[in-house]
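First up is the structure itself, then whatever we jot down about it.
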Amino acid sequence: MKRRGWVHCAMAMVCLNMVWSQKSLDTIYANASKNVALFFPSPIRQAVVGSKDFVFSYDREEAGYFGLLQGVEGVESNLLVITSDHRIYTYILKYADELPQLNHFVQERDGIGKIGPAEELRVKKDSLVLEASHYDVFSALVLDGKPKVMVTKHKKGIRLRLEDMVYDGREVYLVFGIRNRSGIDFELDRLEVFRANGSAKRRASYQEIHLEPIHGYGVPNKVKDGEMIRFVYVMPKFVLGDRERLKLVLEELHGSRRVELRL
């Protein structure tokens with residue numbers, strides 16, 4: 001992961017009272033012809049790699065104790081794993097033709113820290129606060145990825161784009177970007193997400209279902225002229241059907257500018 005990503009992640013964790021241990025990171029080697037297995041002392045809650053050259057597979061529906069790593073020749077990357085007991089593990093990832101080790105048995109002492117101080121959170125069982133901390137950490141990591149475009153639309157100098165949809169367990173992370181080249185600051189009133197079924201030209205068969213975010217990360221109040229801002233919506237997991245499309249509506253506060261796009 002780029003240094004910028006570590007800064008973002010560290011800032012999020014400081015704000016959320018996360019505690020990190022100072023230790024050097026171990027390196028795990030992978031290639032495309034063999035699975036490298038990582039066994040953790042607690043079930044995997046979330047995991048993300050910093051480059052598309054590597055893939056870490058694990059059970060996102062029913063948390064399991066192990067994951068499988070593969071990679072292709074490319075740039076060095078990293079893997080970050082958060083287990084169900086709130087411990088954090090991270091490794092440097094490198095490609096190798098010959099793998100020195102196929103199975104890695106992770107110990108609790110191998111972690112770089114723990115989401116904490118957490119004693120008060122566990123006593124109160126405040127799951128909303130705990131979930132928010134996970135959402136922010138994962139959102140920071142998702143934003144660190146290289147920007148890409150799934151769909152984009154611009155109107156009156158305002159460009160809205162959906163960059164990515166990242167599925168993780170029971171949630172999906174929608175990555176957005178807004179660029180303002182209108183000559184006037186854009187105050188954000190709302191960005192709404194809908195599942196649209198059917199054709200808008202045939203109103204009798206057309207249906208829209210509003211999807212409500214459960215968390216937002218980096219959502220701006222204003223996009224200044226000449227500025228580009230990226231942010232994340234955390235949504236309950238959904239999968240679009242064959243005849244369904246995703247509809248996004250961006251509207252301005254105290255203004256009439258409106259951008260609508262469909263995926």
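Counting begins at 1 with the first residue of the sequence. Values below: all heavy atoms of this structure, side chains included; hydrogens, waters and symmetry mates excluded. Since we're looking at a predicted model, the values are computed, not measured.
Of the N and O atoms on the side chains of Gln207 and Asn197, not one donor lies less than 3.5 Å from an acceptor on the other residue.
Atoms CG and CD, on Leu263 and Glu244 in that order, are 12.0 Å from each other to the nearest 0.5 Å. Between the OG atom in Ser84 and the CD1 atom in Ile44 there is a gap of 9.5 Å [rounded to 0.5 Å]. Going from atom CG of Leu102 over to atom CG of Leu38 covers 11.0 Å, rounded to the nearest 0.5 Å. The CZ atom of Arg195 lies 6.5 Å from the CG atom of Leu211; values are rounded to the nearest 0.5 Å. Rounding to the nearest 0.5 Å places NZ of Lys224 at 14.0 Å from OG of Ser182. Separation of atoms CD1 (Ile88) and CZ (Arg45) is listed at 12.0 Å; rounding is to 0.5 Å.
Using a 4.0 Å cut-off between a side-chain N of Lys or Arg and a carboxylate O of Asp or Glu, Glu260 and Lys247 qualify as a salt bridge. Salt bridge annotation for Arg230-Glu163: present, with a cationic side-chain nitrogen under 4.0 angstrom from a carboxylate oxygen.
Residues satisfying the salt bridge (Lys or Arg N to Asp or Glu O under 4.0 Å) test with Lys156, not counting sequence neighbours, are none. Evaluation of the side-chain contact (heavy atoms from CB on, under 4.5 Å) rule for Thr152 yields Val149, Arg159, Arg161 as partners, not counting sequence neighbours. Here Phe66 pairs with Phe39, Leu68 under the side-chain contact (heavy atoms from CB on, under 4.5 Å) rule; sequence neighbours left out. In terms of the side-chain contact (heavy atoms from CB on, under 4.5 Å) criterion, residue partners of Glu252 (sequence neighbours excluded) are, by chain and number, Phe186, Arg257.
Two residues are said to be in side-chain contact when any heavy atoms from C-beta on lie closer than 4.5 Å; Phe56 and Ile28 fail this criterion. Taking 4.5 Å as the limit, every side-chain heavy atom of Leu253 sits out of range of all side-chain heavy atoms of Leu188. Side-chain contact between Met235 and Lys237: absent, with no pair of heavy atoms (C-beta onward) separated by less than 4.5 Å. Contact check for Leu250 versus Ile178: side-chain heavy atoms found under the 4.5 Å cut-off. Annotation: side chain of Asp168 is in contact with side chain of Tyr173 (closest heavy-atom distance under 4.5 Å). Within the 4.5 Å cutoff, the side chain of Leu141 has heavy atoms near those of the Leu80 side chain.
The number of heavy-atom neighbours closer than 6.0 Å to CG of Asn103, taken from other residues, nucleotides and ligands shown, is above 12. Other residues, nucleotides and ligands place more than 12 heavy atoms under 6.0 Å from the CD atom of Gln101.
Although no hydrogens or angles enter the test, the distance criterion places no donor-acceptor pair under 3.5 Å between the side chain of Tyr58 and the main chain of Gly64. For Asp26 (side chain) and Tyr91 (main-chain N/O), no donor-acceptor pair under 3.5 Å exists by modelled atom type. At distances below 3.5 Å, not a single donor-acceptor pair connects side-chain atoms of Gln107 with backbone N or O atoms of Arg109. In this structure a side-chain-to-backbone donor-acceptor pair under 3.5 Å is missing from Gln70 to Val55. Checking side-chain atoms of Tyr233 against main-chain N and O of Ile214 turns up no donor-acceptor pair under 3.5 Å. Within the 3.5 Å criterion, the main-chain N or O of Ser42 finds no donor-acceptor partner in the side chain of Asp85.
Counting side-chain heavy-atom gaps under 4.5 Å among Ile, Leu, Val, Met, Phe, Trp and Tyr, the cluster of Phe194 also holds Val249.
A distance below 6.0 Å separates the ring centres of Tyr89 and Phe40.
Among all heavy-atom pairs drawn from Gly183 and Asp225, the shortest one is N-OD1, 2.8 Å. Closest heavy-atom contact between Phe54 and Ser77: CD1-CB, 3.7 Å. Nearest heavy atom pair, residue Val193 against residue Leu246, reads CG1-CD1, 3.8 Å. Here the shortest heavy-atom pairing between Val81 and Ala47 reads CG2-CB, 3.9 Å. For the pair Asn180 and Val223, the tightest heavy-atom approach, listed with the atom from each and the gap, is ND2-O, 2.9 Å. The two residues Val151 and Arg262 have their closest heavy-atom pair at CG2-O, 3.4 Å.
Residue pairs meeting the salt bridge (charged side-chain N to carboxylate O under 4.0 Å, His left out) criterion with at least one member in residues 177-190, sequence neighbours excluded, are Arg190-Glu251.
Linking Ile, Leu, Val, Met, Phe, Trp and Tyr whenever their side-chain heavy atoms come within less than 4.5 Å puts Ile229 and Leu191 in one cluster. Phe231 and Val166 end up in different hydrophobic clusters when Ile, Leu, Val, Met, Phe, Trp and Tyr side chains are linked at under 4.5 Å. No chain of hydrophobic side-chain contacts below 4.5 Å, direct or via other Ile, Leu, Val, Met, Phe, Trp or Tyr residues, connects Leu79 to Tyr65. When hydrophobic clusters are built by joining Ile, Leu, Val, Met, Phe, Trp and Tyr residues whose side-chain heavy atoms come closer than 4.5 Å, directly or via intermediates, Val234 is grouped together with Val48. Under the 4.5 Å side-chain heavy-atom criterion for Ile, Leu, Val, Met, Phe, Trp and Tyr, Leu240 and Leu174 are members of the same hydrophobic cluster.
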Test log, rule side-chain contact (heavy atoms from CB on, under 4.5 Å), inputs Asn78 and Thr90
CA-CA 7 Å; Asn78 80 309; Thr90 187; 3.8 Å; yes
Show the numbers, then the answer: is there a salt bridge (charged side-chain N to carboxylate O under 4.0 Å, His left out) between Glu108 and Arg87?
CA-CA 8 Å; Glu108 287 187 356; Arg87 296 185 185 275; 3.5 Å; yes
Candidate pair Ile92 and Glu76, rule side-chain contact (heavy atoms from CB on, under 4.5 Å), full reasoning:
CA-CA 7 Å; Ile92 299 297; Glu76 177 183 302; 3.5 Å; yes
ring-ring contact (aromatic ring centres under 6.0 Å, His included) between Tyr217 and Tyr135, intermediate numbers included:
CA-CA 8 Å; Tyr217 180 83; Tyr135 295 153; over 10 Å; no
For side-chain contact (heavy atoms from CB on, under 4.5 Å), just list the numbers for Leu93 and Tyr95, CA-CA rounded to whole Å, side-chain angles, deciding distance to a tenth of an Å, and then say yes or no.
CA-CA 7 Å; Leu93 302 180; Tyr95 173 86; over 6 Å; no
May I have the step-by-step check of side-chain contact (heavy atoms from CB on, under 4.5 Å) for His215 and Asp136, ending in yes or no?
CA-CA 9 Å; His215 191 71; Asp136 283 340; 2.7 Å; yes
